[in-house]
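Remember, predicted model here, so these are calculated numbers, not experimental data.
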Amino acid sequence: MERLGRIVIRWAIVEELCVAFLAFAVSADRAFMRVITQSISNSSVVDWLRVLSEERFADERSRKDLAKLFKIIDEVRSDRNELVHGIWHGGPETHTVLVHTLRMDRAQLVQDKLVTIADLDDLLDHIETLISQLIHLGKHLGFAGERT
């Protein structure tokens with residue numbers, strides 16, 4: 001449970017950095033953008049960033065790098081949502097759980113997934129990597145500073 005809590009807390013930083021990037025992309029105030037996006041899913045924010053980055057960034061390399069980053073955000077979000085919104089049951093072995101999940105992006109919509117501590121740690125590592133990448137991008141572009 002502690003690891004799941006860390007996943008939720010650290011993912012909130014990814015979401016905030018995406019909103020900061022969106023504010024930068026449309027030359028808006030970050031706080032005002034937070035108000036606007038409060039009831040919008042992170043997937044919508046990333047979709048908007050996809051479209052805006054195609055228009056905002058002239059060089060092909062930047063657009064490709066951003067497209068790759070957005071794809072990774074989508075994948076990690078999907079994994080995170082599966083665990084956060086799934087129904088947890090005791091697993092067959094110590095330190096495992098079965099998570100009853102629903103995912104629209106797979107052939108079998110509903111399934112039970114065996115999750116280990118290593119799986120949770122791996123997801124946390126992916127989230128930490130995203131945070132680092134978004135902070136690095138934000139410092140380069142000017143939308144993320146030391147407080148991020």
For residues 112-127, dump all side-chain donor-acceptor pairs below 3.5 Å to protein atoms at least two apart in sequence or in another chain.
{"from": "D112", "atom 1": "OD1", "to": "H100", "atom 2": "ND1", "distance (Å)": "2.8"}
{"from": "K113", "atom 1": "NZ", "to": "E82", "atom 2": "OE1", "distance (Å)": "2.8"}
{"from": "T116", "atom 1": "OG1", "to": "A118", "atom 2": "N", "distance (Å)": "3.3"}
{"from": "T116", "atom 1": "OG1", "to": "D119", "atom 2": "N", "distance (Å)": "3.1"}
{"from": "T116", "atom 1": "OG1", "to": "D119", "atom 2": "OD2", "distance (Å)": "3.2"}
{"from": "D119", "atom 1": "OD2", "to": "T116", "atom 2": "N", "distance (Å)": "2.9"}
{"from": "D121", "atom 1": "OD1", "to": "R3", "atom 2": "NE", "distance (Å)": "2.6"}
{"from": "D122", "atom 1": "OD2", "to": "H126", "atom 2": "NE2", "distance (Å)": "3.3"}

Given side chains that start at C-beta, do those of [X] and [Y] come closer than 4.5 Å, heavy atoms only?
| X | Y | answer |
| --- | --- | --- |
| E16 | R34 | yes |
| F21 | V45 | no |
| E54 | V51 | no |
| N42 | I73 | yes |
| L137 | L66 | yes |
| V26 | W48 | no |
| R56 | S62 | no |

On a heavy-atom basis, which atom in [X] and which in [Y] lie closest, and how many Å separate them?
| X | Y | result |
| --- | --- | --- |
| R10 | E128 | NE-OE2, 2.6 Å |
| D47 | R50 | OD1-NH1, 2.9 Å |
| M33 | A28 | CE-CB, 3.7 Å |

For [X], is the [atom1] atom crowded, meaning more than 12 foreign heavy atoms sit under 6.0 Å from it?
| X | atom1 | result |
| --- | --- | --- |
| H85 | NE2 | yes |
| H89 | NE2 | yes |
| E55 | CD | no |

How long is the gap from [atom1] on [X] to [atom2] on [Y], to the nearest 0.5 Å?
| X | Y | atom1 | atom2 | result |
| --- | --- | --- | --- | --- |
| L130 | C18 | CG | SG | 8.0 Å |
| L141 | L134 | CG | CG | 10.5 Å |
| D74 | L69 | CG | CG | 9.5 Å |
| L83 | S78 | CG | OG | 10.0 Å |
| R6 | L4 | CZ | CG | 11.0 Å |

Donor-acceptor pair, side chain of T37 and main chain of I40, under 3.5 angstrom: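 Not confirmed, T37 side chain does not pair with I40 backbone.
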R30 side-chain N/O to A23 backbone N/O, donor-acceptor pair under 3.5 Å: no
Verdict with reasoning, W11 to V84, per side-chain contact (heavy atoms from CB on, under 4.5 Å): CA-CA 11 Å; W11 186 255; V84 170; over 6 Å; no
R80: side chain to side chain donor-acceptor pair (under 3.5 Å) partners, not counting sequence neighbours: none
Salt bridge (charged side-chain N to carboxylate O under 4.0 Å, His left out) partner of D65, the single match among R61, R63, K68: R61
Single-linkage hydrophobic cluster, 4.5 Å side-chain cutoff, M1 and V99 together: yes
Plane angle bin for F24 and F143 - parallel if under 30°, tilted between 30 and 60°, otherwise perpendicular: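 Answer is tilted, since the angle falls between 30° and 60°.
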Residues which pass salt bridge (Lys or Arg N to Asp or Glu O under 4.0 Å) with E93, listed by chain and number, not counting sequence neighbours: none
